[in-house]
Amino acid sequence: KIMVTISSTSRKPPNLRWNPIKLVTSFAVLISLVNLLYATILYRTRASDGIHHVNREHETRSSNSRGNGSTATITSKNANTQETTSNTDEAPQHAKAIGVILPDGTVTFTPEEFLAGRLENYVNLPNHPAKPETDDYVKYLMEQPVPPPTEILMHEAPTPPGKNAIVGLASYKEFMKGWRKLVGSLRMNGYDGHIIVGVNKDIPENERVYLDKMGVTYYAIETSNCTEAILDGASSTSNGVRSVCSKGLEDLKLEWGRYEMARRWLNACESCTGWSMVIDTRDIFFQADPFRSLGDPDEAQHDLLFVEEIATHTNTFPDQPNRAKNLGSSPRYTSHVNPCYGKENVNAASLLERPMLCSGTVIGNKSGIRRFLSKLVDEFHKNNERGSKCRSPATTDQWTMNYLYYRGDFGYISQTKTLPWGTGPVLTVGTPCVNSLIPTPNHSQKDMIEFDGDGLIVNPHEEEGAVDRIAPTLHQWDRCHKWINSWFFRHTNLFMTTFKPDDEPAMHWIADGF
């Protein structure tokens, strides 16, 4: 309730002067209050419909449907067979549509299935039906020859026992602490597959030695000026990855070019035949092998997996709707995509309940990840051609990816799945570590993070004993730095065997070289 008191006085009012800073601040506060009021009304409306029948302690979680590796029951073929399949039987008939019901009767979004513990019936599909012409175009992109990497291969690691791959760009001048959290946590927790990264061309020698011992393949990234064509009309930014390009990929800002690098690096890796995950590198940490619950990549129902960030239906604090962010109500989303694609095409109103998908942890088998990278890079090139409103930094990788997904533009809808927050291989902790309603600094909140008896961070929607109960991957942990840095110190066994990187033993399959 908001009470406003207006008092009258006979005194002459003071001279009023416009203060631009106060005006902008007041407007921002007003927008925040309006968003909070909307979220509260939306939550109470859904709660009255029986949607929010789970509480903070998850009392009604079903023990037979979460954490058992189950996925939405969708019949599909692998993308490399290029057989388009129907998705008309995605969800049971009793499912309530919060998103859109397509002309063929397909229910595109069933959050109440998730809340009822029926994860196998949960779907978060695009708001557009599968189109043969979209599949045909994606197939065409996948069939195009992939150029060899333009970056210098500084070190090709011996072939590891595993066939899976982790791929990312980490071209920092100095990154030893980051390497130990990223690479060390993978190796210390049993991951024996490929690790392929882009590094600074002047990477320190001690970092090279560490990466060599950890069995990492790495390419040298040399920054370069971008072509004039993609700079024309583009706004300036201090964000390095959105202001420069790399040598050999001068037609893509580094933020976008890293996906083309990943496409080429994976194509050049002949033994990368399992699952792959394209990742951010600065803010990611592993508590377990991220692929351990996914099964045989050649037999998977879904060959491309997107990771959801926390949304209304996965919010473990439903009485605090501000702790979750839905895509359609995000000003960041609409401000980046509306000017480029147009409000009518974006149709944010149809996505008010939909989760954001994270562009920093995308998973696929060999065919699925190639499909993802081929389409996303193709869109980046098209956006550069469309003009300044579509070029980086006006449009970024995450919002472009979300736009493409919810329009069905990655094709092969029945072979693509989104993984609800708090389940599966990745737990994105960035938003849960921030509470916008408390005074600044509002980051590094710990109340939404759950731990097991050993102090490891768990997926809140996975049952005890589930394969992914301990979250294999923690993403955006930097938003939690005030408490998570001490957590790292208490759990050094997760990413090192010795405090000195030089003393870290090499992986057993390459130990002979050291």
After noting the C-alpha distance and the side-chain angles of Thr108 and Arg354, does the key distance pass the side chain to side chain donor-acceptor pair (under 3.5 Å) rule? CA-CA 10 Å; Thr108 62; Arg354 297 303 192 97; 2.8 Å; yes
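- Side-chain contact check for Val278 versus Ile369: some heavy-atom pair is nearer than 4.5 Å.
- The side-chain heavy atoms of Val199 and Val216, taken from C-beta on, include no pair separated by under 4.5 Å.
- Atom CD of Glu270 has 12 or fewer neighbouring heavy atoms from other residues, nucleotides or ligands inside a 6.0 Å radius.
- Remark: side-chain polar atoms of Trp421 are paired, donor with acceptor, to backbone N or O of Thr428 under 3.5 angstrom.
- Counting heavy atoms from C-beta outward, Tyr406 and Asn124 have side chains that approach closer than 4.5 Å.
- Distance check: Asn338 CG to Glu344 CD gives 8.5 Å after rounding to the nearest 0.5 Å.
- Between the side chains of Thr418 and Glu308, a donor-acceptor pair is found at a separation under 3.5 Å.
- Under the rule for a ring-ring contact (aromatic ring centres under 6.0 Å, His included), the partners of Phe372 that lie at least two apart in sequence or sit in another chain are Phe306, Phe410.
- No side-chain donor from either of Asp298 and Asn365 sits under 3.5 Å from a side-chain acceptor of the other.
- Side-chain contact, Thr395 with Asn383: no donor N or O sits under 3.5 Å from an acceptor N or O.
- Salt-bridge annotation for Lys382 and Glu385: absent, with no side-chain N of the basic residue lying under 4.0 Å from a carboxylate O of the acidic one.
- Nearest heavy atom pair, residue Leu254 against residue Ser246, reads CD1-CB, 3.8 Å.
- Sorted by first and then second residue, the pairs that involve residues 378-436 and meet disulfide (SG to SG under 2.5 Å), not counting sequence neighbours, are Cys340-Cys390, Cys433-Cys480.
- At least one side-chain heavy atom of Leu252 sits less than 4.5 Å from a side-chain heavy atom of Asn384.
- Heavy atoms from other residues, nucleotides or ligands lying under 6.0 Å from CG of Asp296 number more than 12.
- Counting heavy atoms from C-beta on, the side chains of Tyr219 and Leu169 never come closer than 4.5 Å.
- In this structure a side-chain-to-backbone donor-acceptor pair under 3.5 Å is missing from Thr431 to Ala324.
- Here Leu352 contributes atom CG and Asn347 contributes atom CG; the two are 9.0 Å apart, rounded to the nearest 0.5 Å.
- Ring geometry for Tyr191 against Phe291 counts as tilted: the plane angle lies between 30° and 60°, on a 0 to 90° scale.
- Tyr137 and Asp378 form a side-chain donor-acceptor contact under 3.5 Å, judged by distance and modelled atom types alone.
- Counting only heavy atoms from C-beta outward, the side chains of Ser374 and Val146 never approach each other to under 4.5 Å.
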Assess whether salt bridge (charged side-chain N to carboxylate O under 4.0 Å, His left out) is satisfied between Arg258 and Asp280, documenting all intermediate values. CA-CA 10 Å; Arg258 60 181 176 144; Asp280 292 342; 2.8 Å; yes
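- Listed by chain and residue number, Cys245 satisfy the disulfide bond (SG atoms under 2.5 Å apart) test with Cys226 (two or more places apart in sequence, or in another chain).
- A donor-acceptor pair shorter than 3.5 Å cannot be found between the side chains of His194 and Thr217.
- Between Tyr341 and Tyr403, the gap from one ring centroid to the other is short of 6.0 Å.
- Although no hydrogens or angles enter the test, the distance criterion places a donor-acceptor pair under 3.5 Å between the side chain of Asn326 and the main chain of Thr312.
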Evaluation steps, side chain to side chain donor-acceptor pair (under 3.5 Å), between Tyr333 and Asn402: CA-CA 9 Å; Tyr333 176 61; Asn402 275 266; over 6 Å; no
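- Residues His461 and Leu119 have side chains not in contact (no heavy-atom distance under 4.5 Å, counting atoms from C-beta outward).
- Closest heavy-atom contact between Trp477 and Val429: CA-CG2, 3.8 Å.
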Arg323/Gln445 under side-chain contact (heavy atoms from CB on, under 4.5 Å): CA gap, chis, key distance, verdict: CA-CA 11 Å; Arg323 304 300 295 276; Gln445 304 303 305; 4.0 Å; yes
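- Using a cut-off of 4.0 Å between Lys/Arg side-chain N and Asp/Glu carboxylate O, Asp409 and Lys375 are scored as not salt-bridged.
- Side-chain contact between Pro472 and Phe286 is absent, with no heavy atoms from C-beta onward closer than 4.5 Å.
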